[in-house]
Amino acid sequence: MPEGLLGSLIAELFVDAIVDTVLWGTGALVLKMIRPHRPVNQIAAIAVGLIIWLVGIAALFTIGYFLLV
């Protein structure tokens, strides 16, 4: 198996696993908490999950910066 093909396969599986489990799961949980009786849209769940994770990572970097300064 060529090296580039194996690397791209591993990267694709890793990205798919992150999007499917972490981002979608977080967004679906938040959307279900907000609207418990409505079904969860996959695109909306991924968008909400991405926003939540980006804000969380930014908050951790901000806290770390102020602890170091």
- Message: Using a 4.5 Å cut-off between side-chain heavy atoms of Ile, Leu, Val, Met, Phe, Trp and Tyr, which other residues end up in the same hydrophobic cluster as Ile43?
- Response: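 Cluster partners of Ile43: none, it stands alone.
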- Query: Apart from Ile51 itself, what residues make up its hydrophobic cluster, given side-chain heavy atom links below 4.5 Å?
  - Reply: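 Other cluster members: Val55.
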Show me the side-chain donor-acceptor pairs of residues 62-69 shorter than 3.5 Å, one per line, residues at least two apart or across chains.
unit_1 : atom_1 : unit_2 : atom_2 : d
Thr62  : OG1    : Ala58  : O      : 2.8

- Message: Is there a continuous path of hydrophobic side-chain contacts, each under 4.5 Å between heavy atoms, that joins Leu54 to Leu23?
- Response: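 Yes, same cluster.
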Only distances under 3.5 Å count here; give the side-chain donor-acceptor pairs of residues 24-37 to other protein atoms, sequence neighbours excluded, each with its distance to 0.1 Å.
unit_1 : atom_1 : unit_2 : atom_2 : d
Thr26  : OG1    : Val22  : O      : 2.7
Thr26  : OG1    : Trp53  : NE1    : 2.9
Lys32  : NZ     : Pro36  : O      : 3.2
Lys32  : NZ     : Arg38  : O      : 2.9

